Engineer: 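Can you read through this structure? Questions will come right after.
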Amino acid sequence: MYYTDVETAAIPARPKRTTFYFTYAGVAVAVVCGLVCLGNMGATLETGILPSSGTQSMFRQPASNFGSMRTAGSSPSMGASGALKDNVMKVPKRTKFHCNWVAGERALKGHAKADGSKYRIGVIGGGPSGAAAAEVFAKDKELETFIFERKMDNVKPCGGAIPLCMVDEFDLPEEIIDRKVRKMKMISPSNRVVDIGQTLKPNEYIGMTRREVLDGFMRNRSVDLGAIPINGLVTQIDVPKGATDPYIVHYQDYGDKSAGAGVAKTMEFDVLIGADGANSRLAKAIDAGEYNYAIAFQERIAIDEEKMKYYEDLAEMYVGDDVSPDFYAWVFPKYDHVGVGTGTVVNRPDIPKYQKAIRERAKERLEGGKIIKVEAHPIPEHPRPRRVNNRAALVGDAAGYVTKCSGEGIYFAAKSGRMAAEAIVKLMEGGTRLPTQQEIEDTYIADYDKKYQATYVVLDLLQKVFYSSNAAREAFVEMCESEYVQKVTFDSYLYKTVQGGNPLDDIKLLFNTVGSIFRAQATTPRDREFSNPVESLKRL
């Protein structure tokens, strides 16, 4: 089976032309000052991002009879050995992905549990984090892996940007990359323009993808390796009461489109991975705690070919309290249109006003354009207080792995999904035992935090410093004229490591930045005031 035979058959073909795109990398430039001034801090930050939950001991006990997937209210059938059997229907091959039901071809034949069945892994969510996790689990043939996705051809509101390191690390083919972006323009509150990108090497770029294509490719690859896809919406999760009791997942199965709203079913799992986004059902089930969030709003606008040529290999990033009081606004080219959007944490009710402002500031190149899609999505602002509970682990947006300042999440989603799955597979020792909460925290959580905590800390600091006032935003754009700043920024973004620089250059940059802020404070109008005392307290 080829990737194009399944979900991607429903995706519009990519135009055969050489085009380029940019991403949140505009903001990657924001990484700059903190990355440069605080670059050496990454080597010393090895503790967790946030305190993890308490530990829980678990001992191997005779396993209960797992394995039921049945319609709500029905009783599972029993085999001769006493093990539960799944009521699974085969569907004709080469149909659409969500109907390409292969469970019937993959019967339980393991030996890990007392009833002779394999341990079951449930991955909830089919985006980059879920697909990356399912791929790792599927390679271990002593485990049975299922991946849930509500909408197999989902077009998630997202810039679609991926760093260069992700292309090689996740073996992504060039065919799924619409554009390779090598430059951008940054526009200050006073409309000062700074060109970025001259430090990139010929083979360096930021890849721009369509999420429906990227997600579909990664998900289909996990299916080809053995993961079993379920086109369904998870509605409720019952957590285990005993040390080896299963998680019970309730969901609406949309595999049979004739069923309308879907068929209510349940299924039992030994280990769960929550890759189901900011509004994660699994996070709620395991009481993972709340986090603050931004709302990202974007309009996809079709413009004529002449105007699209301007964005051939270019993206634009705008800062100013008119387009966002604490974030940035963007014009990112897609394969045949541009994405125009903004975001905010502190004043979410006024997002329509900020969106109108970015359209106004970019109107010269958007004139005559047609809005073809409007989309919005919550973006986590920090990791959840608890990311593991018992045998359930959160990854990607569900765990809160989106960086401040840039709003980037795709790479960290895929990376966390892979790291969580690799740790759990190793702990399960060929499908012969269940991992404990403490073991998962000591491997997946500890390793992830050690590797990326510095990045989150620096970007959090940058957002507080440079997105807090128009004066700071003006200084930020001025700072980005420095080739030294650009090099450190892009190196940090493309390769996902906090880059230190030359100490003398760091000191010079620090003084220049302070001078820029003082100058901007004397000449830049104060930010507009707003009041949002109630809604700003909402959390996910």
Side-chain angles (χ1 to χ4, degrees), residues 1-25 94-98 100 126-136 138-139 147 149 151-183 200-227 229 300 302 305 308-309 311-315 332-339 373 408-411 413-415 417-418 493-496:
M1 174 170 58
Y2 297 92
Y3 302 130
T4 53
D5 291 338
V6 283
E7 180 191 351
T8 50
I11 298 172
R14 182 175 65 90
K16 293 185 178 179
R17 58 181 182 181
T18 302
T19 51
F20 301 92
Y21 185 73
F22 198 98
T23 168
Y24 288 123
R94 303 187 69 83
T95 57
K96 287 186 68 176
F97 179 88
H98 58 258
N100 190 0
S129 59
E135 179 179 341
V136 173
K139 290 177 181 178
I147 180 169
E149 175 55 42
K151 190 176 181 183
M152 294 297 185
D153 56 355
N154 185 43
V155 182
K156 181 181 177 180
C158 178
I162 57 174
L164 184 61
C165 64
M166 184 173 177
V167 178
D168 292 332
E169 212 175 318
F170 289 85
D171 195 21
L172 301 177
E174 285 200 0
E175 288 73 18
I176 70 169
I177 299 173
D178 288 332
R179 295 176 182 267
K180 296 178 180 179
V181 171
R182 295 183 171 90
K183 60 185 179 180
L200 289 178
K201 298 173 184 176
N203 64 332
E204 292 181 328
Y205 64 89
I206 296 166
M208 172 48 57
T209 67
R210 286 169 282 165
R211 283 295 301 273
E212 58 269 33
V213 176
L214 173 65
D215 294 12
F217 172 82
M218 295 184 70
R219 188 165 55 241
N220 293 349
R221 183 165 61 185
S222 74
V223 171
D224 282 353
L225 287 168
R300 297 194 185 196
E305 281 193 34
M308 279 300 298
K309 287 180 181 178
Y311 293 107
E312 180 78 10
D313 58 352
L314 173 74
F332 289 168
K334 304 290 184 178
Y335 74 106
D336 62 352
H337 61 278
V338 291
K373 189 175 181 62
E408 182 198 357
I410 296 178
Y411 174 81
K415 188 68 173 181
R418 173 177 283 183
Y493 177 81
L494 293 177
Y495 303 108
K496 286 295 167 281

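Just so it is clear, the model here is predicted, and its values are computed rather than measured.
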Engineer: Side chains of V338 and M308, heavy atoms from C-beta outward: is any pair under 4.5 Å?
Structural biologist: yes
Engineer: Mind listing the closest non-hydrogen atom pair of I147 and G126 along with its distance?
Structural biologist: CD1-CA, 3.9 Å
Engineer: Report yes if some heavy atom in the side chain of K183 is under 4.5 Å from a heavy atom in the side chain of Y205; otherwise report no.
Structural biologist: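 No, side chains not in contact.
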Engineer: Nearest 0.5 Å, please: how far is CD in E312 from CG in L314?
Structural biologist: 10.5 Å
Engineer: Might you point out which heavy atoms bring I177 and R179 nearest each other, and give the distance in Å?
Structural biologist: CG2-O, 3.2 Å
Engineer: With the threshold set at 4.0 Å, does a side-chain nitrogen-carboxylate oxygen contact exist between D215 and R211?
Structural biologist: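 A salt bridge is present here (some side-chain N lies under 4.0 Å from a carboxylate O).
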Engineer: Less than 4.5 Å apart, any side-chain heavy atom of I162 and any of I206?
Structural biologist: no
Engineer: Could you state the interatomic distance from CG (D313) to CZ (R182), rounded to the nearest 0.5 Å?
Structural biologist: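 Reported value, rounded in 0.5 Å steps: 8.0 Å.
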Engineer: So, for A414 and M166, which heavy atoms are closest and what is the spacing to 0.1 Å?
Structural biologist: CB-CE, 3.8 Å
Engineer: Is the shortest heavy-atom distance from the side chain of E174 to the side chain of K180 under 4.5 Å?
Structural biologist: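 With C-beta onward as the side chain, the pair touches.
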Engineer: Ion pair present between R221 and E135, side-chain N to carboxylate O less than 4.0 angstrom?
Structural biologist: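 Looking at R221 and E135, the cut-off is met.
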Engineer: Does any non-hydrogen side-chain atom of D178 lie less than 4.5 Å from one of V213?
Structural biologist: no
Engineer: Are L172 and L214 packed together at the side-chain level, in the sense that at least one heavy-atom pair is separated by less than 4.5 angstrom?
Structural biologist: yes
Engineer: My understanding is that only residues two or more places apart in sequence, or in another chain, count here; which of them pass side-chain hydrogen bond (donor to acceptor under 3.5 Å, both in side chains) with E169?
Structural biologist: Y411, K415
Engineer: Would you kindly check if the NZ (Lys) or CZ (Arg) of K496 is within the cone defined by 45 degrees around the ring axis of Y493 and under 6.0 Å from the six-membered ring centre?
Structural biologist: yes
Engineer: Do E149 and R219 touch side chain to side chain, with heavy atoms closer than 4.5 Å?
Structural biologist: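 In short, these two side chains touch, coming nearer than 4.5 Å.
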